[in-house]
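Below is one structure; the comments refer to it alone.
Quick caveat, the model's predicted, so the values are computed rather than measured. Below, chains carry the letters A, B, ... as their sequence lines are ordered, and counting in each starts from 1.
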Amino acid sequence: MNFKRPRGTADILPEDQPHWSHVYSAARKVAQQFGYQRIDTPAFEDTSLFQRGVGDETDIVQKEMYSFEDHGGDSITLRPEGTASVCRAYIENGLHNGPQPVRVFYLAPMFRYERPQAGRVRQHHQFGVEAIGDESAEVDAEIIELGWKYIAALGIKNVTLRLNTLGDPEGRADYINDLDRYFTEHADQLPVVDRNRLERAPLRVLDSKAPETQALADAAPKSVDYVGGESKDHWETLLGLLDNLKSIYPEFSYRIDHRLVRGLDYYNRTVFEYEPLDAGGQGTLLAGGRYDPLIGILGGVDTPGIGFGSGIERMILEMKKQELVVKGSNGPDVVVVALGDVGTAAARLAMGLRASDISTILAPKRSMKAQMRYANNLGAANVVILGDREIEQGVVSIKSLAEDGGQSEVTLDAVSIAEHVRLNQTRCVGNGTAGDR
RNA sequence: GUGGCCGUAGUGUAGAGGUAAACACGCUAGGUUGUGGCCCUGGAGGCGAGGGUUCAAUUCCCUCCGGCCACCCCA
């Protein structure tokens with residue numbers, strides 16, 4: 001019986017790594033550009049953190065968390081998302097004592113017990129950002145801008161922003177009442193799933209996938225109409241800033257979607273999602289929102305916050321779908337080919353070259369032809385050939401594997417060889433032939 | 001969690017109730033004496049797992065596992 005990886009997990013093989021590094025470096029670069037600093041929190045937390053943060057009732061807690069009891073009898077949960085942990089860290093480490101808002105980002109695996117599909121796995125990875133300690137609409141716009149820059153940095157096109165405002169808890173009660181009444185009046189037109197949803201989470205009926213519900217939802221009361229006062233100013237300021245963003249990036253577009261909601265109580269005001277224009281089922285690339293009540297719920301002093309999370313697997317899927325080319329990794333500068341019985345001289349030479357910062361691989365002990373082929377298949381820039389003859393004469397043969405590569409002899413001495421290899425490289429770069437290496 | 005489609009070497013595909021399961025790419029070894037890519041010739045490697053029907057199953061049936069799709073949910 002062979003071992004298999006657990007359901008919904010993936011091996012990220014060397015051939016996939018270029019995509020991952022591309023995404024990671026874009027994320028770090030964009031975060032840095034906006035002044036967000038990295039934070040890492042544990043992969044698991046007390047179960048109660050997520051129960052509080054997410055709400056006991058939901059399916060999330062009921063069936064989607066990886067929870068278990070550890071040897072000490074504590075209930076532990078593999079983190080299903082990043083926000084709760086970051087907020088816990090903010091409270092626990094007294095981050096409110098520094099300049100506010102605290103701007104942080106994370107790149108981390110998340111765990112959810114789900115039925116897998118493409119872009120939906122049990123262990124997935126997220127890039128997320130949080131800005132905690134500032135309730136102004138400018139920060140909302142900043143987060144949305146950051147998300148935009150991130151997607152753009154990946155080269156992904158044809159993405160649009162959907163957004164909505166959920167108002168504040170006070171106004172929301174009225175809204176949910178009216179919404180509830182509206183759908184209850186039309187309950188006979190709702191499919192069974194949505195009638196159940198109506199009882200559990202009226203807001204969720206809005207983003208139902210059933211066509212008959214969608215028609216109803218379009219005419220349902222809109223949360224925007226229930227926001228007033230500061231919340232309304234906040235919303236209008238945000239829209240103004242987004243218009244400005246649009247004037248800077250012509251590709252940027254947004255659409256107010258009255259049916260965009262969140263199932264969790266702690267979200268308020270701004271909610272948003274980026275998705276491809278031709279989005280199918282698992283389409284959302286990045287989703288975020290404001291969660292001003294959360295830190296209070298978690299036991300901290302009331303502190304506003306906003307952030308987003310974005311699944312890296314989905315981004316890579318989308319990049320592949322859009323046929324974006326990501327450069328693969330380069331081969332080594334040198335493969336050392338050893339001929340005949342040269343003892344350990346070849347291995348010593350490889351060490352010496354690495355000591356001189358030349359990336360070097362020692363070819364496996366095979367025929368010369370096989371070693372050459374090996375070097376070629378690795379995409380090596382040069383081979384350094386070392387045999388009895390070379391040792392006798394105190395030289396090595398260096399051959400460039402470029403199309404029109406030549407061969408020359410250099411003193412058998414790591415430093416001289418390293419120098420020669422570097423010269424070769426600069427010459428190639430000068431020619432522009434190795435610009436993509 | 002519900003319903004559906006699917007599961008043949010590393011990858012992509014072909015195949016038939018019955019002796020050696022095919023092809024391409026990839027991997028590997030050679031094509032004489034120390035030179036890669038192209039070409040030629042070899043080699044390794046497989047019917048997801050378990051059970052059942054049958055004289056005989058990779059092929060039919062069941063269960064499980066896994067993938068994909070839709071739903072539930074989606075922090």
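- Contact annotation: side chain of Gln371(A) to base of U35(B), donor-acceptor pair absent below 3.5 Å.
- Between U59(B) and A75(B), the distance separating the two P atoms is 43 Å to the nearest Å.
- Minimum atom distance to the side chain of Ala370(A) is reached by A29(B), of the listed A29(B), G36(B), C68(B).
- None of Asn268(A), Thr165(A), Asp168(A) except one satisfies the side-chain hydrogen bond (donor to acceptor under 3.5 Å, both in side chains) rule with Ser231(A); the exception is Asp168(A).
- Of the listed nucleotides (A75(B), G36(B), C69(B)), G36(B) has the atom at the smallest distance from the side chain of Met372(A).
- Listed pair Ser397(A) / G34(B) fails the phosphate criterion, with no side-chain N or O lying under 4.0 Å from OP1 or OP2.
- Distances were taken from every side-chain heavy atom of Arg112(A) (C-beta onward) to each of C74(B), G30(B), C69(B); the shortest belongs to C74(B).
- Across C65(B) and C27(B), the matching P atoms stand 36 Å from one another, rounded to whole Å.
- Remark: C38(B) base-pairs with no nucleotide in the shown strands. Criterion, Watson-Crick or G-U wobble with two distances under 3.5 Å.
- When the nucleotides C74(B), U35(B), G3(B) are ranked by their closest atom to the side chain of Arg115(A), G3(B) comes out on top.
- Using bins of under 30°, 30° to 60° and over 60° for the plane-to-plane angle, the ring pair Tyr274(A)/Phe272(A) lands in the perpendicular bin.
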Point to revise | Residue pair Arg162(A), Glu273(A): steps toward the salt bridge (Lys or Arg N to Asp or Glu O under 4.0 Å) verdict | key: CA-CA 5 Å; Arg162(A) 288 194 299 138; Glu273(A) 294 186 3; 3.1 Å; yes
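- Side-chain to base pairing of Glu64(A) with G1(B): no donor and acceptor N or O lie closer than 3.5 Å to each other.
- Among the nucleotides A29(B), G34(B), U35(B), the one closest to any side-chain atom of Arg366(A) is A29(B).
- Using cut-offs of 30° and 60° on the angle between ring planes, the pair Tyr150(A) and Phe308(A) is parallel.
- In summary, the side chains of Tyr36(A) and Glu130(A) do not present any donor paired with an acceptor at a separation below 3.5 Å, with no hydrogens or angles considered.
- Distances were taken from every side-chain heavy atom of Pro116(A) (C-beta onward) to each of G36(B), G67(B), A75(B); the shortest belongs to G67(B).
- Residue-to-nucleotide contacts include no donor-acceptor pair under 3.5 Å from the side chain of Asn376(A) to the base of G37(B).
- Under the Watson-Crick or G-U wobble criterion, with both distances below 3.5 Å, C27(B) is paired with G43(B).
- Taking atom CZ of residue Arg200(A) and atom P of nucleotide C72(B), one finds them 9 Å apart after rounding to whole Å.
- Under a 3.5 Å cut-off, the side chain of Glu275(A) and the backbone N or O of Thr160(A) do not form any donor-acceptor pair.
- For Arg120(A) against C73(B), a side-chain-to-base donor-acceptor contact under 3.5 Å is present.
- In this structure, U59(B) forms no base pair with any nucleotide, since neither Watson-Crick nor G-U wobble geometry is met with both distances under 3.5 Å.
- Side-chain proximity of Leu339(A) to the nucleotides G3(B), G34(B), G31(B) is greatest for G34(B).
- Between the C1' atoms of G15(B) and C47(B), the separation comes to 11 Å (whole Å).
- Look at the C1' atom in both A20(B) and U28(B): the space between them is 23 Å, to the nearest Å.
- Side-chain atoms of Lys4(A) lie closest to G48(B) of the nucleotides G31(B), U35(B), G48(B).
- G36(B) atom C1' lies 11 Å from atom CG of Leu378(A), rounded to whole Å.
- The pairing partner recorded for A14(B) is none, the criterion being a Watson-Crick or G-U wobble arrangement whose two distances lie under 3.5 angstrom.
- Following rounding to the nearest Å, Asp11(A) (CG) and U11(B) (P) show an atom-to-atom distance of 12 Å.
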(Q) Go through it in stages, so that I can follow the logic: the residues are Glu114(A) and Arg120(A), the test is salt bridge (Lys or Arg N to Asp or Glu O under 4.0 Å), and I'd like the CA-CA distance, side-chain angles, deciding distance and then a yes or no. (A) CA-CA 8 Å; Glu114(A) 302 196 86; Arg120(A) 173 174 213 178; 3.0 Å; yes
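- Residue Arg197(A) places its side chain closer to C73(B) than to any other of C73(B), C68(B), A75(B).
- For Ile385(A), whose side chain is taken as the heavy atoms from C-beta onward, the closest listed nucleotide among U35(B), C69(B), G36(B) is U35(B).
- Taking atom P in both C60(B) and C5(B), one finds a spacing of 14 Å when rounded to whole Å.
- A gap of 12 Å separates the C1' atoms of G48(B) and C6(B), to the nearest Å.
- G67(B) and U8(B) have their C1' atoms separated by 15 Å, with the value rounded to a whole Å.
- When both pairing distances are held under 3.5 Å, C5(B) makes a Watson-Crick or G-U pair with G67(B).
- Using P as the reference atom, U63(B) and U2(B) are 13 Å apart when rounded to the nearest Å.
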